[in-house]
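Not measured: the values here are computed from a predicted model. All values below come from the heavy atoms of this structure, side chains included, with hydrogens, waters and symmetry mates left out. Each ligand, and each atom within it, is numbered from 1 in the order the structure gives.
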Amino acid sequence: MSRITTLTEFILQNQADFPYATGELSRILNDIVIASKIVSRDVRQAGLVDHILGAQGEVNVQGEEQQKLDVVADEAFIRAFEQGGEVCGIASEENDDFVAFQSESAKNGKYVVLFDPLDGSSNIDVNVSIGTIFSIYRRVSPVGTKATLEDMLQPGTQQIVAGYVLYGSSTMLVYTTGNGVNAFTLDPSIGEFCLSHPNMRMPENGRLYAMNEGNIFECEEGLRTYINYCQSRENQTGMPYSGRYIGSLVADFHRNLIKGGIYIYPDVLSAPEGKLRLLYECNPLAFIAEQAGGLATTGRQRILEIKPERLHQRVPYYTGSKLMVEKAMECLEG
Ligand code: P6P
């Protein structure tokens, strides 16, 4: 039986990835591990514990009905970062504005974390996989002061760490520090995330495309051309691709990371800038995609190079296998 490497051991073994960080980033990653285990426990109980299942009755900044688990997950991550002492502030999908932590120790934190605590939460009540997505940046404001909006509005190329937690048939944590992508599966019997997919590589090509085709008549002609290509025998497989759309970004992304594929959420009439949020959905997954050999663009521009202007800014999103994203971009160019 091969030796088990826990995430905690892996982080310590690879602390050299952050030579300047003297353990601070490792502690933030462990904050994420703790919060992920709490959320995983609550997600697994969602169908059993009435007080969690169902809508919170509130509407978040996105205009989406907030699910109680959204709130639970948001609070779990915020609490972990605030108590961990290395993070000076956060931005989250569930909070209208960013949060600058008030304690003196937090003001001395050198990092900010942007996250979507529970993406795909509309799937909670139907027991479909959901996920947490996170990005860690070094602050640009002076240490010792409160975090600022500028700390949050950095291009994705400035990310130090990015990752996601997938609450699926198993709970997995996948992350990159810019030295490749590694995935860990939670073993509930010992309560540890264990290295299960070292040095992940996204297949250069694939035959799975993920898009809400209900939008097909609301998107641009070039995208319809690409979808027709996927459904034809003209593609490199000589057979129609398979459509696989879970309606949960993290689950669709993770499948494509392993099997190859493309995920598309374009700008459509009902969402002229696209639906997905740049800071805490598109950027972290783009960092992972590129680190695994894939691509992430707006269909025309590299996601990581976009200079953010607003906290909840949305962008069109094409991400996945390199050759599939390139073909989609070629079709969009007409
Ligand atoms: P639609 C979930 O709300 C989400 O942000 C992603 O996880 C998912 O891929 C997408 O929106 C689904 O959106 O419009 O197809 O229901």
Side-chain angles (χ1 to χ4, degrees), residues 39 43 46 54-56 58-71 73-74 91-95 114-135 162-168 171-172 174 208-220 223-224 227 230 242-257 259 261-286 288-289 294 296-299 303 311-320 324-325 328:
V39 173
V43 164
Q56 166 88 350
E58 306 287 331
V59 173
N60 68 16
V61 66
Q62 318 296 337
E64 295 164 349
E65 186 178 271
Q66 231 172 359
Q67 298 289 327
K68 283 186 175 178
L69 259 180
D70 278 339
V71 178
D74 193 45
S92 151
E93 187 202 35
E94 297 303 328
N95 297 270
L114 289 74
F115 61 98
D116 182 353
L118 214 52
D119 179 77
S121 55
S122 56
N123 292 305
I124 293 170
D125 288 354
V126 295
N127 203 12
V128 165
S129 301
I130 49 186
T132 298
I133 313 171
F134 61 89
S135 266
Y164 60 85
V165 184
L166 176 59
Y167 310 100
T171 296
M172 290 188 72
V174 182
L208 301 174
Y209 69 96
M211 174 185 167
N212 179 346
E213 292 186 62
N215 293 323
I216 199 70
F217 293 115
E218 289 208 351
C219 63
E220 60 186 286
L223 178 49
R224 283 199 288 278
I227 296 300
C230 293
S242 293
R244 289 282 185 282
Y245 190 65
I246 300 170
S248 185
L249 169 62
V250 174
D252 278 316
F253 181 89
H254 186 71
R255 183 205 53 243
N256 292 344
L257 175 59
K259 292 182 177 287
I262 186 170
Y263 172 97
I264 299 170
Y265 208 107
D267 51 312
V268 291
L269 295 180
S270 54
E273 294 181 322
K275 177 179 183 182
L276 300 184
R277 277 64 56 144
L278 172 63
L279 287 183
Y280 40 77
E281 291 174 335
C282 299
N283 268 336
L285 297 184
I288 289 180
T297 78
T298 62
I303 287 288
L311 214 48
H312 301 292
Q313 177 174 342
R314 299 173 191 264
V315 290
Y317 201 45
Y318 293 68
T319 187
M324 297 182 83
V325 175

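- Near Tyr265, with a cut-off below 4.0 Å to any heavy atom, the atoms of ligand 1 are 1 (P), 13 (O), 14 (O), 15 (O).
- Using a non-hydrogen distance threshold of 4.0 Å, Asp119 registers as a contact of ligand 1.
- Note: Tyr265 OH to Arg314 CZ = 9.0 Å, rounded to the nearest 0.5 Å.
- Only one option out of Leu249, Thr319, Ile303, Asp116 pairs with Leu276 in a side-chain contact (heavy atoms from CB on, under 4.5 Å); it is Leu249.
- Near Asn212, with a cut-off below 4.0 Å to any heavy atom, the atoms of ligand 1 are 1 (P), 14 (O), 15 (O).
- Distances between N or O atoms of Ser122 and those of ligand 1 include no value under 3.5 Å.
- Distances below 4.0 Å separate heavy atoms of Leu276 from the following atoms of ligand 1: 5 (O).
- Those atoms of ligand 1 with a heavy atom of Leu249 less than 4.0 angstrom away are 6 (C), 7 (O), 8 (C), 9 (O).
- Looking at Asp74 and Ser92, their side chains do bring a donor and an acceptor atom within 3.5 Å of each other.
- Residues Tyr318 and Val325 approach most closely at O-CG1, 4.2 Å, considering heavy atoms.
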For Tyr245 and Tyr209, what are the C-alpha separation, side-chain angles and deciding distance, and is it a side-chain contact (heavy atoms from CB on, under 4.5 Å)?
-> CA-CA 8 Å; Tyr245 190 65; Tyr209 69 96; over 6 Å; no
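- Applying side-chain contact (heavy atoms from CB on, under 4.5 Å) to Tyr164 and the options Val174, Thr132, Asp119 leaves one that passes, Val174.
- Every atom of ligand 1 is numbered from 1 in the order shown, and the set under 4.0 Å from a heavy atom of Tyr245 is 1 (P), 9 (O), 10 (C), 12 (C), 13 (O), 15 (O).
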